[in-house]
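Below, chain A is the first sequence line, B the second, and so on; all start at residue 1.
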Number of protein chains: 2
Amino acid sequence: MENVRELIQIMTRRFGFLNKNCCSAGGFDISLIQSHILYEIDRQHQPSIQQVAETLGTDITTFSRQIQSLIKMNLVKKTPDVTDRRIYILSLTTEGKFVAAAIDEQMKAYLNDIFSHMNEVERETVIRSIQLLNEAMGKSRLCCMPSQG
Amino acid sequence: MENVRELIQIMTRRFGFLNKNCCSAGGFDISLIQSHILYEIDRQHQPSIQQVAETLGTDITTFSRQIQSLIKMNLVKKTPDVTDRRIYILSLTTEGKFVAAAIDEQMKAYLNDIFSHMNEVERETVIRSIQLLNEAMGKSRLCCMPSQG
DNA sequence: GAAATTACTTGCATTTTACAACTAAATGAG
DNA sequence: CTCATTTAGTTGTAAAATGCAAGTAATTTC
């Protein structure tokens with residue numbers, strides 16, 4: 001419990017590098033933030049602009065412009081919500097799905113490579129531990145939320 | 001092994017938020033990157049500008065300017081190396097040490113809060129797992145290095 | 001049906017970023 | 001020794017990212 005911060009700092013930094021490397025996957029030149037946006041649009045069910053911005057902890061005005069450039073790149077689509085016309089539903093275009101899939105594949109290859117340096121028991125322990133950590137962070141009132149906790 | 005990417009994505013994002021919240025600690029208005037720089041200068045033994053830049057995966061020209069602003073804020077000191085006068089050794093000023101300590105305290109409080117939602121066995125398992133993960137990432141040739149792998 | 005709220009967009013002005021080109025010091029080859 | 005090369009670090013842009021303030025338009029509330 002002494003050097004936990006150091007362990008976590010190093011781990012998150014390395015995963016950061018991992019994400020960074022992934023981004024030019026699929027022949028597209030995608031920034032780190034853009035890959036996160038594609039990932040979240042894909043993961044969430046028909047999210048609004050607001051929802052994704054909050055998930056990523058990005059200021060809504062910044063995020064609005066980020067979406068604009070992804071639309072220009074023809075990776076993301078904005079559809080007005082039927083029941084509330086203030087809201088825009090985000091989705092991936094065919095091209096966007098392709099890029100997201102390419103990044104996902106690349107990430108999975110990296111993760112497989114990392115986990116190949118462990119035995120089966122370790123692997124399961126590590127994955128279970130990450131789940132535990134996520135649950136614990138979810139329970140914490142002090143931290144781990146976008147902007148203040 | 002199915003949703004590992006998702007687990008890790010969520011975990012790192014949350015730790016990202018955690019770091020972000022920490023930064024205004026000590027009455028100073030410190031950016032996320034600046035707090036990482038302070039942390040690394042503190043952790044490494046008399047690092048050069050080059051060394052810290054590489055650790056953080058930041059372009060050297062960008063990093064040079066980041067150091068300049070930290071020096072202006074009187075948090076960091078630049079000392080010419082005695083044996084090689086091209087090199088500048090970085091260190092924290094008294095104020096810088098104070099800020100770094102304040103952030104560290106805050107981070108530890110957050111981490112304690114997170115781990116308070118686990119029992120002793122889980123806690124040890126999780127910490128051991130992060131160590132395993134770090135070792136595995138260190139061994140991987142494919143990923144987790146600054147700029148390309 | 002007017003006031004307040006919500007979702008999103010634009011206008012700046014600031015900050016961040018990185019490539020190219022620079023200085024200065026150290027190393028290395030002949 | 002000396003001239004070419006490499007290394008550490010700094011600027012000059014110029015482009016991109018950021019966020020506050022202020023705006024529009026749709027919805028909710030009272």
A:Phe63 CZ - C:dT9 C1' separation (whole Å): 14 Å

Donor-acceptor under 3.5 Å (A:Glu105 side chain, A:Ala102 main chain): no

message: Taking the nucleotide of DNA chain D with the nearest heavy atom to each, does A:Thr83 or B:Ile87 sit closer to the 5' end?
response: B:Ile87

- prompt: Taking only side-chain nitrogens and oxygens of B:Thr62, does any of them come within less than 4.0 Å of OP1 or OP2 of C:dA18?
  reply: yes

message: Less than 4.0 angstrom between a side-chain N/O of B:Gln51 and OP1 or OP2 of D:dA8, yes or no?
response: no

- prompt: Does A:Thr61 make a side-chain donor-acceptor contact with the base of C:dC8, cut-off 3.5 Å?
  reply: no

OP1 or OP2 of C:dT9 under 4.0 Å from side-chain N/O of A:Lys78: yes

- prompt: In whole angstroms, how far is the P atom of D:dA8 from the CD1 atom of B:Ile89?
  reply: 12 Å

Distance below 4.0 Å between B:Gln68 side-chain N/O and D:dT11 OP1 or OP2: yes

- prompt: The side chain of A:Arg85 lies closest to which of these nucleotides: C:dA26, D:dA26, C:dT9?
  reply: D:dA26

task: Decide, yes or no, whether a salt bridge links B:Asp81 with B:Arg85 under the criterion of side-chain N to carboxylate O below 4.0 Å.
output: no

message: I need the CD1-P distance between B:Ile60 and C:dA20, as an integer number of Å.
response: 16 Å

message: Whole angstroms only, please: what is the CG-C1' distance between A:Leu90 and C:dC8?
response: 11 Å

message: Rounded to whole Å, please give me the gap between CG in B:Asp81 and C1' in C:dT27.
response: 16 Å

query: Base, sugar-phosphate alone, or nothing: which one does A:Ser69 contact when heavy atoms must sit under 4.0 Å apart?
result: nothing

- request: May I ask you to evaluate whether A:Ser64 reaches the phosphate of C:dC8, defined as a side-chain N or O under 4.0 Å from OP1 or OP2?
  value: no

- prompt: Rounded to the nearest Å, what distance is computed from the CG atom of residue B:Asp59 to the C1' atom of nucleotide D:dA17?
  reply: 16 Å

query: Would you call A:Lys77 and A:Glu95 a salt bridge, taking side-chain N to carboxylate O under 4.0 Å as the test?
result: no

message: Does D:dT7 have OP1 or OP2 under 4.0 Å away from a side-chain N or O of B:Gln50?
response: no

query: Would you call B:Asp104-A:Arg5 a salt bridge at under 4.0 Å N-O?
result: yes

query: In whole Å, what is the span from the CD1 atom of A:Ile67 to the P atom of D:dT18?
result: 13 Å

query: With sugar-phosphate meaning primed atoms plus P, OP1 and OP2, does A:Thr58 contact a base, only sugar-phosphate, or nothing at under 4.0 Å between heavy atoms?
result: nothing

message: Of the listed nucleotides (C:dA26, C:dC8, C:dT5), which one gets closest to any side-chain atom of A:Arg86?
response: C:dT5

field: side-chain N/O B:Gln66 vs C:dT17 OP1/OP2, d < 4.0 Å
entry: yes

task: Give one of base, sugar-phosphate or nothing for B:Ser31, where a contact means two heavy atoms less than 4.0 Å apart.
output: nothing

message: Return the CD to CG distance between A:Glu54 and A:Leu56, rounded to the nearest 0.5 Å.
response: 10.5 Å

query: Do A:Arg65 side-chain and D:dG19 base share a donor-acceptor contact under 3.5 Å?
result: yes

- prompt: Roughly how many Å is it from CD1 in A:Ile49 to P in C:dC8, rounded to a whole number?
  reply: 5 Å

- prompt: Regarding A:Asp113 and B:Ser140, is there a side-chain donor-to-acceptor distance under 3.5 Å anywhere?
  reply: yes

